[in-house]
There are 2 protein chains.
Amino acid sequence: MNSQTKIPEHLTVYSQLKEMILLGRFAPGQALTIFGLAEEMGAGTTPVREALRRLTAEHALTSLENRRIIVPELSEKDISDIYFLRLIVEPELTRQSTKNMTDTKIDQLRRIDAQINEALDHGDVVAYLEGNNRFHFAIYETAQSQVLFQTARSLWVQIGPSLRIVCGRYGTANMPDKHSELLDALSRGDENAAAQAMRDDLAQSHLLISAPPAHRI
Amino acid sequence: MNSQTKIPEHLTVYSQLKEMILLGRFAPGQALTIFGLAEEMGAGTTPVREALRRLTAEHALTSLENRRIIVPELSEKDISDIYFLRLIVEPELTRQSTKNMTDTKIDQLRRIDAQINEALDHGDVVAYLEGNNRFHFAIYETAQSQVLFQTARSLWVQIGPSLRIVCGRYGTANMPDKHSELLDALSRGDENAAAQAMRDDLAQSHLLISAPPAHRI
DNA sequence: TGAAGGATAATTTGATCAAAACTTTGACAA
DNA sequence: TTGTCAAAGTTTTGATCAAATTATCCTTCA
């Protein structure tokens with residue numbers, strides 16, 4: 001009788017926290033306490049503790065020597081290294097996904113893309129970030145590559161808080177969108193064009209996040 | 001009064017387990033229980049539990065749906081993806097390390113290399129693995145790149161158990177060793193040659209690990 | 001005013017325990 | 001022999017608590 005009857009609470013807490021980090025609900029540098037989160041989320045301290053430990057291991061959070069856990073503040077070097085990797089990993093995932101692409105999947109992607117455009121029109125930052133995340137990982141999961149998928153996930157959680165800041169700063173006007181080119185290439189089954197479109201999308205995102213802050217006093 | 005007076009136990013347990021996994025003390029597929037490890041290591045169950053959770057997050061261990069934790073068995077696809085990444089990340093770390101290379105560091109690397117050669121002569125698999133690990137990461141830490149360093153660490157822990165199997169199968173005769181070329185390039189400050197030597201080293205390792213098992217019944 | 005020192009509060013850490021969930025074992029029937 | 005079911009034995013999970021550690025605040029003194 002082996003079935004998954006119940007999902008352990010530390011997993012649900014983990015998922016919730018990860019989602020919040022990914023969508024930038026926490027500011028970079030903000031400190032998180034076990035007790036505070038447990039109260040806020042209506043969970044026990046033990047599951048929260050384990051979830052924090054896991055997120056720290058994934059570099060979604062940083063554990064200071066003071067035993068204090070904070071949302072990491074990325075340096076310029078960190079960001080350039082993250083994009084160095086993203087520009088390798090995510091186009092490759094896109095390339096591999098092309099082989100497994102189905103009409104059903106393409107339709108699903110088009111629907112998500114429509115939602116993204118709607119969010120952009122309304123200037124809804126959170127909806128944009130959420131849609132963009134779903135769009136990319138709907139492609140990546142199709143590649144069926146454990147290792148690359150996990151790496152991409154890790155990079156996204158690390159960049160999440162900073163990306164949120166950028167969006168808040170510039171609004172949704174200049175958001176990268178090579179999604180139409182990407183969808184065309186995917187539906188044609190052209191893996192090189194798909195990978196290139198992904199590279200373009202990432203390059204735009206990199207420019208945005210590396211741009212100097214608008215008005216730093 | 002902020003100083004690091006005492007190291008938490010879950011960290012030491014984590015380090016010990018990671019070391020054991022890296023050197024292949026556990027076979028791929030082997031199950032690990034919290035209680036068993038706690039007894040074996042003379043630690044409490046709480047620190048062991050947290051260490052396992054962290055190692056699982058780093059993909060050094062795999063958490064089955066049964067809640068059972070095992071040492072992962074890598075598929076061919078996993079291995080090729082890991083080497084795809086290694087061939088990007090580790091040469092780049094080597095390249096970046098060239099800028100920060102000092103004579104002291106070079107000497108240290110030469111000493112480690114001598115120990116590796118001694119281990120190879122004696123057919124000492126564990127000493128070889130340990131030396132090789134120290135050699136590579138002594139280079140990588142010099143690069144001062146958080147993100148790439150962490151990625152390399154993660155990839156090594158994942159490949160560890162499989163590498164151990166390969167070494168046990170073929171002995172230490174055919175182990176990759178482009179270390180002299182690497183050391184020469186590093187001491188000349190030739191970053192391209194250094195990165196290339198690292199690529200060659202990894203390519204050899206990849207060949208070895210992808211080779212068909214000798215006599216599978 | 002401002003720095004040093006210490007008391008107090010908040011937080012993390014690790015142990016322990018009960019409950020839940022899973023695996024295994026063995027009995028019994030087809 | 002094969003398959004099913006239930007009971008027993010492990011193992012994980014989450015709550016709780018005491019001890020250790022760190023942060024914060026308040027007083028005192030120059």
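Numbered from 1 within each chain, the chains take letters A, B, ... in sequence-line order.
Between the CZ atom of B:Phe35 and the P atom of D:dT12 there is a distance of 10 Å, rounded to whole Å. Rounded to whole Å, atom C1' of C:dT11 lies 12 Å from atom CG of A:Leu52. For the pair A:Leu61 CG and C:dT12 P, the computed distance is 12 Å after rounding to whole Å. Look at CD on A:Glu65: it is 17 Å from P on D:dT21, rounded to the nearest Å. Across the protein-nucleic acid pair, B:Leu64 atom CG and C:dA21 atom P stand 19 Å apart, rounded to whole Å.
The ring pair (Phe, Tyr, Trp, His ring centres under 6.0 Å) contacts involving residues 40-99 of chain B comprise B:Tyr83-B:His206, where partners must be two or more places apart or lie in separate chains. Residue pairs meeting the side-chain hydrogen bond (donor to acceptor under 3.5 Å, both in side chains) criterion with at least one partner in residues 16-37 of chain B, sequence neighbours excluded, are B:Tyr14-B:Lys18.
For B:Gln146, the side chain to side chain contact (heavy atoms under 4.5 Å, CB included) partners are A:Asp78, B:Gln150, not counting sequence neighbours. In terms of the salt bridge (Lys or Arg N to Asp or Glu O under 4.0 Å) criterion, residue partners of A:Glu191 (sequence neighbours excluded) are, by chain and number, A:Arg95, A:Lys99.
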Protein-nucleic acid N or O pairs under 3.5 Å, nucleotides 13-17 of chain C:
unit_1 : atom_1 : unit_2  : atom_2 : d
C:dT13 : OP2    : A:Arg53 : NH2    : 3.4
C:dG14 : OP1    : B:Glu9  : N      : 2.2
C:dG14 : OP2    : B:His10 : ND1    : 2.8
C:dG14 : N7     : A:Arg49 : NH1    : 2.8
C:dG14 : O6     : A:Arg49 : NH2    : 3.2
C:dA15 : N7     : B:Thr46 : OG1    : 2.7

What pairs of donor and acceptor atoms, side-chain ones from residues 37-50 of chain B against any protein atom, are under 3.5 angstrom apart with sequence neighbours left out?
unit_1  : atom_1 : unit_2  : atom_2 : d
B:Arg49 : NH1    : A:Glu50 : OE2    : 3.3
B:Glu50 : OE1    : A:Arg53 : NE     : 2.8
B:Glu50 : OE1    : A:Arg53 : NH2    : 2.4
B:Glu50 : OE2    : A:Arg49 : NH1    : 3.3

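How far CH2 of B:Trp156 is from CG of B:Leu22: 7.5 Å, rounded to the nearest 0.5 Å.
Between B:Asn66 and C:dA21 there is no side-chain polar atom (N or O) within less than 4.0 angstrom of OP1 or OP2.
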